[in-house]
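As structure tokens, the structure follows; a few thoughts come after it.
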Amino acid sequence: MKKRIFIFTLICMTGIMAAACANDNSAEDNTSAILQDDTEALPTKENEAETPTPEETEIRFELNTVESLEDDGKEMSVAEAIRSTMKGKHSALELMYDERLFSLTQNTGWQQADEIKDISDAGLSRINMLTYNRAMNKGITPMDKAFWRSFVCVDLDQDGTKEVLVNGGPGGVALHYAGGEVYMTVINISAFPCNVYENGIYDEGDGGAFALGYDRLYPARGAMYTEKIAYKYDDEGITTNPPIYKIMGKDVTKEEHDAYVEELIKGLTPLEWHDFTKENIDRYVAD
């Protein structure tokens, strides 16, 4: 009886040892597989050079241009064409402010021009205003819709035809019609119109606490022209710098400047800016 118990115990111990060995081998095989997978996932000297750099993986965006939109080529009045452009149904030709916006006043920071004249459309981009995505620094922003906020209608050059100034992003723009095309002029936000008057005069939007300039825009085919009419910089009591007063680029006294501006505005109140909505576009952009 004792012999049978001994043999049974020996058989059980042998089975337990065999199972343990099998488990050890299985665990070793699994560990090897995990290590192998990890090894493949980790970069080696051979595949390290193939890993893309941040510059290579960076997504590059392009200007949202169009060949034509549904209202392109239709017979339309000036107001109809500009309304259609504001609704994204008519394309506009893009005039970048540092390429197609010229200054008629010397030493104002823009490209200088001696006269207002038409320029060829060659090289201009045809864009959809609602998907416009070029920032002021010419960089392309990753967006598929511009965020225009408000607009004002005004006859900038007093020729009997109203243009439209639009505020928002990616920058302020002026829309004007010439030679059968709608042009969209991107204007540096620091010089974008703030208070706009019925006579086409406007003051700049970001002149600072001590600076204020009064300007006028002149639309042309393929170009836009700006004229700085009056300007002042007066921080008296803040620094020892002498104040600056100019009329048409020439130095004048404070009294001369103030009297000129008073006559320039003639008691006019600034025009109302309207929210950029379809209803307001239909209501206010009129012939």
Side-chain angles (χ1 to χ4, degrees), residues 61-102 113 116-136 138 140-187 192-193 200 217-226 274-287:
F61 299 91
E62 297 180 352
L63 178 65
N64 291 333
T65 59
V66 297
E67 291 185 3
S68 66
L69 295 174
E70 59 182 284
D71 282 350
D72 283 359
K74 292 183 179 180
E75 293 261 346
M76 308 178 85
S77 68
V78 174
E80 287 173 336
I82 292 179
R83 281 199 303 267
S84 180
T85 299
M86 295 172 74
K87 296 175 184 178
K89 296 181 178 182
H90 192 292
S91 63
L93 290 173
E94 177 199 34
L95 304 178
M96 282 300 292
Y97 70 92
D98 58 348
E99 296 174 352
R100 296 293 186 106
L101 179 60
F102 300 92
I116 300 169
K117 61 181 181 181
D118 294 337
I119 295 180
S120 168
D121 292 340
L124 297 180
S125 298
R126 189 173 293 278
I127 57 94
N128 181 339
M129 182 178 180
L130 296 188
T131 60
Y132 184 75
N133 67 332
R134 195 196 297 276
M136 283 300 168
K138 286 191 176 181
I140 308 302
T141 59
M143 58 187 243
D144 57 9
K145 187 175 183 179
F147 46 98
W148 306 117
R149 299 188 188 95
S150 58
F151 68 92
V152 63
C153 305
V154 58
D155 185 357
L156 292 171
D157 54 0
Q158 300 291 283
D159 68 346
T161 301
K162 287 188 176 182
E163 287 74 37
V164 176
L165 300 170
V166 185
N167 189 17
V173 298
L175 296 173
H176 77 272
Y177 183 92
E181 293 283 2
V182 176
Y183 295 91
M184 189 177 88
T185 307
V186 182
I187 303 175
F192 190 72
L217 289 169
Y218 297 92
R221 181 182 178 90
M224 179 74 88
Y225 297 84
T226 181
H274 310 290
D275 291 338
F276 194 91
T277 65
K278 180 179 180 297
E279 293 72 21
N280 283 342
I281 290 169
D282 288 336
R283 180 179 180 182
Y284 295 108
V285 183
D287 290 308

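Just the heavy atoms: all of them, side chains too, but no hydrogens, waters or symmetry mates, feed the values below.
Evaluation of the side-chain contact (heavy atoms from CB on, under 4.5 Å) rule for Ala174 yields Leu165, Thr185, Ile187, Met224 as partners, not counting sequence neighbours. For Arg221, the side chain to side chain donor-acceptor pair (under 3.5 Å) partners two or more places apart in sequence, or in a different chain, are Asp121. Among residues two or more places apart in sequence or in another chain, the side chain to side chain donor-acceptor pair (under 3.5 Å) test is passed with Asp282 by Lys87, Lys278. In this view, Asp118 satisfies the salt bridge (charged side-chain N to carboxylate O under 4.0 Å, His left out) rule with no residue, not counting sequence neighbours. Among residues two or more places apart in sequence or in another chain, the side-chain contact (heavy atoms from CB on, under 4.5 Å) test is passed with Ser125 by Leu63, Thr65, Glu94, Ile127, Arg134. Legend: residues meeting side chain to side chain donor-acceptor pair (under 3.5 Å) with Thr277, ordered by chain and number and at least two apart, are Asn280. Residues passing the side-chain contact (heavy atoms from CB on, under 4.5 Å) test with Arg126 are Val66, Asp72, Ser91, Leu93, Glu181, sequence neighbours excluded. The ring pair (Phe, Tyr, Trp, His ring centres under 6.0 Å) test applied to Tyr183 returns His176, not counting sequence neighbours. Under the rule for a side chain to side chain donor-acceptor pair (under 3.5 Å), the partners of Asp71 that lie at least two apart in sequence or sit in another chain are Lys74, Ser84. Shown here are the ring pair (Phe, Tyr, Trp, His ring centres under 6.0 Å) partners of Phe102, two or more places apart in sequence or in another chain: Tyr225. Contacts of Glu99 classified as side-chain contact (heavy atoms from CB on, under 4.5 Å), with partners at least two apart in sequence or in another chain: Met96, Lys138.
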Under 3.5 Å donor-acceptor pairs involving side-chain atoms of residues 151-160, not counting sequence neighbours:
unit_1: Asp155; atom_1: OD1; unit_2: Gln158; atom_2: N; d: 2.9
unit_1: Asp155; atom_1: OD1; unit_2: Asp159; atom_2: N; d: 3.1
unit_1: Asp155; atom_1: OD2; unit_2: Asp159; atom_2: N; d: 3.1
unit_1: Asp155; atom_1: OD2; unit_2: Gly160; atom_2: N; d: 2.7
unit_1: Gln158; atom_1: NE2; unit_2: Asp155; atom_2: O; d: 2.7
unit_1: Gln158; atom_1: NE2; unit_2: Glu198; atom_2: O; d: 3.3
unit_1: Gln158; atom_1: NE2; unit_2: Asn199; atom_2: O; d: 3.4
unit_1: Asp159; atom_1: OD1; unit_2: Thr161; atom_2: N; d: 3.0

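Atom CD1 of Ile281 and atom CD1 of Ile82 lie 11.5 Å apart (nearest 0.5 Å). Asn128 CG to Lys89 NZ: the interatomic distance, rounded to the nearest 0.5 Å, is 11.5 Å.
When side chains are defined from C-beta on, Leu124 counts as touching Leu95, because their heavy atoms get closer than 4.5 Å. The closest side-chain heavy-atom distance from Trp148 to Met129 is below 4.5 Å.
In terms of heavy atoms, Ala79 sits closest to Ala286 at CB-C, 3.6 Å. A pairwise comparison of heavy atoms in Met76 and Tyr177 identifies O-OH, 4.1 Å as the closest pair. Leu69 and Gly88 get closest at one heavy-atom pair: CD1-O, 3.5 Å. Of all the heavy atoms in Leu217 and Leu101, the pair that sits closest is CD2-CD1, 4.2 Å.
Panel note: side chain Asn133, backbone Asn64; a donor-acceptor pair is recorded below 3.5 Å.
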What's the verdict on side chain to side chain contact (heavy atoms under 4.5 Å, CB included) for Met86 and Val285, showing C-alpha distance, side-chain angles and the deciding distance?
CA-CA 10 Å; Met86 295 172 74; Val285 183; 3.9 Å; yes
